[in-house]
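Notes for the one structure printed next.
Chain letters run A, B, ... following the sequence lines, proteins first and then strands; every chain starts at 1.
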Amino acid sequence: MQLILEKNHLMNKFRKIFSMFMNDKLALISIIFLLFMVFLAIFGPSLISESYTKMNLRLRNLEPFSFDHHFMYFFGADALGRSMIARLILATQNTMFIAGSAVILSMTLGGVLGLISGYYGGRIGNLIMRLADIIMSFPSLLLAVIVLYMFDPGLLNLIIVLAFTRMPIYMRTARAEVLEIRERLFVSAAISMGASNLRIIFKHIAPLTIPTLITIATLDFAFVMLGESALSFLGVGIQPPEVTWGLMVAQGRNYLQIAWWLAFFPGLIIMLVALSLNLLSSWLRIVLDPRQRWRLENIGDKSE
Amino acid sequence: MRQYLSKRIFSSILAITGLFVMVFFLARLTGDPGHLYLPIDAPLEVRKEFSEKHGFNDPIYIQFGKFLGDLTDGNLGYSLRKERPAIDIVLEAIPVTLSLAAVAMTIALVGAILIGSLAAYRPNGIFDRISRVVSLTAASAPDFWVAITAILIFSVSLGWLPTSGIGGVPYWIMPIGILVIRPLGLLVQVVRGSMITALSSDFVKTARAKGVKEKAVIFKHALRNGLLPVITVAGDQAAAIANGAVIVETIFGWPGIGKLMIDSIMQRDFAVVQASILITAIVILSINIIIDIAYAVLDPRIRHK
């Protein structure tokens with residue numbers, strides 16, 4: 001009996017989350033689109049094998065939306081006759097990898113710095129927060145351009161720079177959370193039992209800050225992606241022959257008058273992915289906020 | 001309040017100093033400017049003389065000391081590229097960017113307040129849904145892509161607007177439009193959120209109960225309170241708009257601080273890079289301090305502390 005009840009409870013929970021998705025159709029579409037993009041990023045390049053480097057000079061600047069050729073040429077071809085679809089898929093992998101790594105790095109570093117700053121407070125805490133002030137007081141794009149111009153714009157440097165410029169938001173959020181959590185009873189209990197500072201920070205406090213940080217990271221993924229594409233556009237992002245969506249827009253700019261699709265499609269995808277992330281994070285925020293959750297739950301509860 | 005402000009100004013100065021030291025040393029790592037400014041076949045003696053003349057041969061900390069000395073005289077160095085004092089070049093570029101940013105920010109704020117309040121009036125109503133999708137789309141748009149798409153449509157195909165350059169009103173439309181898009185999208189969300197909170201609070205119920213007209217309830221009672229978080233976010237947008245200005249100025253060829261900085265970095269014109277960074281940081285931090293004051297003026301709870 002107990003078991004059945006528990007199973008039901010679990011099923012209910014799933015149903016609830018599912019119905020909260022169903023009650024926000026836009027969030028549902030976003031998550032499907034994003035999952036598709038992640039699938040493309042992971043498996044896409046191996047599915048299309050070599051066709052992203054294959055040049056077909058007879059199809060140079062082929063116009064999109066024609067059924068005369070292979071479906072890989074449905075979105076047209078670039079100036080070297082390479083299929084746009086294949087290039088876009090390859091760029092998906094690179095873009096997602098760069099943005100994903102940068103977000104994870106930035107969340108980890110910023111989160112840890114914020115935890116330390118909030119837990120210890122005092123001079124160390126202030127010093128860390130001043131670092132956040134310095135990063136925030138200056139246009140991140142210019143800072144990234146300066147740094148990337150000095151060290152060559154390789155993959156690793158790009159990820160580090162992007163992570164660095166997005167750190168302050170995690171530092172501030174983690175710190176604010178810790179300041180509140182630190183005062184709770186279980187922390188005092190852990191202290192009185194003689195737990196070390198490190199153990200308290202990482203074992204007791206850190207897990208509680210993670211949901212908030214992940215909600216921020218969802219939205220931040222979009223910002224990092226836009227930042228990466230802007231850097232590529234300015235010529236200090238990833239370098240050819242590697243390709244990202246931003247770089248495709250930059251390269252397509254030169255052919256704007258004769259082949260608009262070269263710059264148009266990659267830019268459109270950047271916008272759609274960023275929009276989906278925005279919609280998803282606004283859904284997440286409502287789901288995680290008990291005061292607002294009823295907006296999504298109400299309709300589903302009528303049947304019960 | 002005064003104590004808070006002086007603390008704020010002090011920490012701003014600290015932030016500028018930190019940023020500045022960082023950039024000075026980073027900029028020195030970009031390589032030898034001689035490679036860019038002298039012909040490829042320049043003899044070794046000429047190269048040496050060039051480095052000697054501009055002090056690039058000194059150890060980096062001596063260069064920094066020299067630089068600090070000059071700074072106290074109000075001398076920010078000399079541009080290698082244009083052979084003029086760096087500060088003059090920067091001060092010419094700043095007003096261009098400031099006017100661009102000011103117009104864009106004003107439009108974004110006014111637009112966001114109007115759209116956000118209307119959307120918050122009936123949450124989940126039809127207007128709210130449309131404005132949610134549109135504003136989130138705006139916040140997600142890569143500005144450089146919108147810019148070149150706009151050029152393609154309005155300049156190349158339709159021929160209505162000039163592709164680049166500065167001049168009369170037609171030259172302003174596209175740069176401003178593109179600069180407005182992202183802050184507008186973000187601010188609409190913020191206004192909507194804080195207006196929903198304000199409209200469901202007790203003082204609005206009280207105002208309605210004593211028969212205040214609906215327009216006055218929204219714009220006088222709710223909006224004044226709803227604006228506070230908006231002002232904070234608008235302050236954070238100051239740095240974001242500078243980011244946008246870099247892109248817009250590069251694409252439309254506006255001689256503002258963003259384009260100047262990109263050009264100077266590419267050409268290793270250290271003095272101009274440093275001067276632009278210093279001035280930009282000062283401008284952004286001053287804007288943030290002004291916003292803090294505005295915040296206090298609007299919120300009596302802070303003013304009387």
Side-chain angles (χ1 to χ4, degrees), chain A residues 26 30 126 129-151 169 219 222-223 225-227 229-230 232-236 245-246 249-250 252-253 256-257 260 263-264 266-279 281-282 285 292 295, chain B residues 11-12 14-19 22-23 26-31 123-124 129 132-133 135-137 139-146 148-149 151-153 156-157 182 185 189 236 238-247 250-251 257-258 261-262 265-266 268 273 276-277 280-281 284-285 288:
Chain A
L26 286 170
S30 314
N126 272 329
M129 282 303 111
R130 288 293 86 76
L131 179 68
D133 284 348
I134 293 179
I135 301 174
M136 284 192 81
S137 66
F138 199 72
S140 53
L141 194 58
L142 283 171
L143 211 57
V145 171
I146 298 171
V147 175
L148 284 175
Y149 191 70
M150 278 169 310
F151 308 99
I169 184 157
L219 194 59
F223 280 112
M225 209 179 57
L226 292 172
S229 56
S232 295
F233 183 77
L234 290 172
V236 291
W245 294 327
V249 176
R253 189 186 172 196
L256 208 55
Q257 299 195 28
W260 56 269
F264 182 77
L268 186 69
I269 293 186
I270 297 177
M271 192 170 82
L272 288 178
V273 172
L275 176 62
S276 306
L277 287 164
N278 266 309
L279 288 167
S281 92
S282 85
R285 237 173 298 149
Q292 286 202 49
R295 284 183 206 282
Chain B
S11 74
S12 302
L14 217 68
I16 291 182
T17 318
L19 180 80
M22 202 168 76
V23 168
L26 280 178
R28 289 300 181 277
L29 294 172
T30 48
N124 275 343
R129 280 158 193 245
R132 179 182 167 213
V133 175
S135 66
L136 283 180
T137 311
S140 320
D143 35 18
F144 57 92
W145 174 71
V146 179
I148 61 176
T149 311
I151 290 178
L152 185 67
I153 296 173
V156 179
S157 300
R182 262 169 81 185
Q189 296 293 313
D236 292 340
I241 266 208
N243 275 339
V246 176
I247 297 280
T250 318
I251 292 179
I257 195 84
M261 247 190 269
I262 294 282
I265 292 168
M266 298 295 176
R268 292 185 197 157
V273 176
S276 339
I277 288 171
T280 311
I284 289 177
L285 287 166
N288 280 327

For A/Val273, is it the side chain, the backbone, both, or neither that has a heavy atom closer than 4.5 Å to a heavy atom of chain B? neither
A/Leu279 portion near chain B, given a 4.5 angstrom heavy-atom threshold: both
So how far is it from A/Leu268 CG to B/Thr149 OG1, rounded to the nearest 0.5 Å? 9.0 Å
In terms of heavy-atom proximity below 4.5 Å to chain B, should A/Ala263 be classed as side chain, backbone, both, or neither? both
What are the two closest non-hydrogen atoms of B/Val133 and A/Leu275, and how far apart are they? O-CD1, 4.3 Å
If one checks every heavy atom of B/Leu285 against chain A at 4.5 Å, the contacting part turns out to be side chain
Testing the basics here: between A/Ala274 and B/Ser140, what is the closest heavy-atom pair and its distance to 0.1 Å? CB-CB, 3.4 Å
Using a 4.5 angstrom heavy-atom cutoff, name the option from B/Ala141, B/Ala242, B/Ala139 with the most pairs to chain A. B/Ala141
Can you tell which part of A/Ser282 gets under 4.5 Å to a heavy atom of chain B, answering side chain, backbone, both or neither? side chain
Looking only at non-hydrogen atoms, find the nearest pair between A/Met271 and B/Thr137 and report the distance. CE-CG2, 3.8 Å
So what's closer than 4.5 Å to chain B heavy atoms on A/Leu272: side chain, backbone, both or neither? neither
Between A/Asn278 and B/Gln189, does the side-chain contact (heavy atoms from CB on, under 4.5 Å) criterion hold? Intermediate values first, please. CA-CA 11 Å; A/Asn278 266 309; B/Gln189 296 293 313; over 6 Å; no
How many angstroms lie between atom CG of A/Leu234 and atom OG1 of B/Thr250, to the nearest 0.5 angstrom? 5.5 Å
Would you call the rings of B/Trp145 and A/Phe264 parallel, tilted or perpendicular, taking 30° and 60° as the class edges? tilted
Do the side chains of B/Met261 and A/Val145 get nearer than 4.5 Å, heavy atoms only? no
Heavy-atom distance under 4.5 Å between the side chains of B/Asp143 and A/Phe233, does that happen here? no
Hey, are the side chains of A/Leu226 and B/Arg182 touching, using non-hydrogen atoms and a 4.5 Å cut-off? yes
Residue selection (most heavy-atom pairs with chain A, distance under 4.5 Å) from B/Ile241, B/Ile151, B/Ile277, B/Ile284: B/Ile277
Rounded to the nearest 0.5 Å, how far does CG of B/Leu136 lie from OG of A/Ser281? 8.0 Å
Per-residue contact mode, B/Arg132 against chain A (heavy atom under 4.5 angstrom): side chain
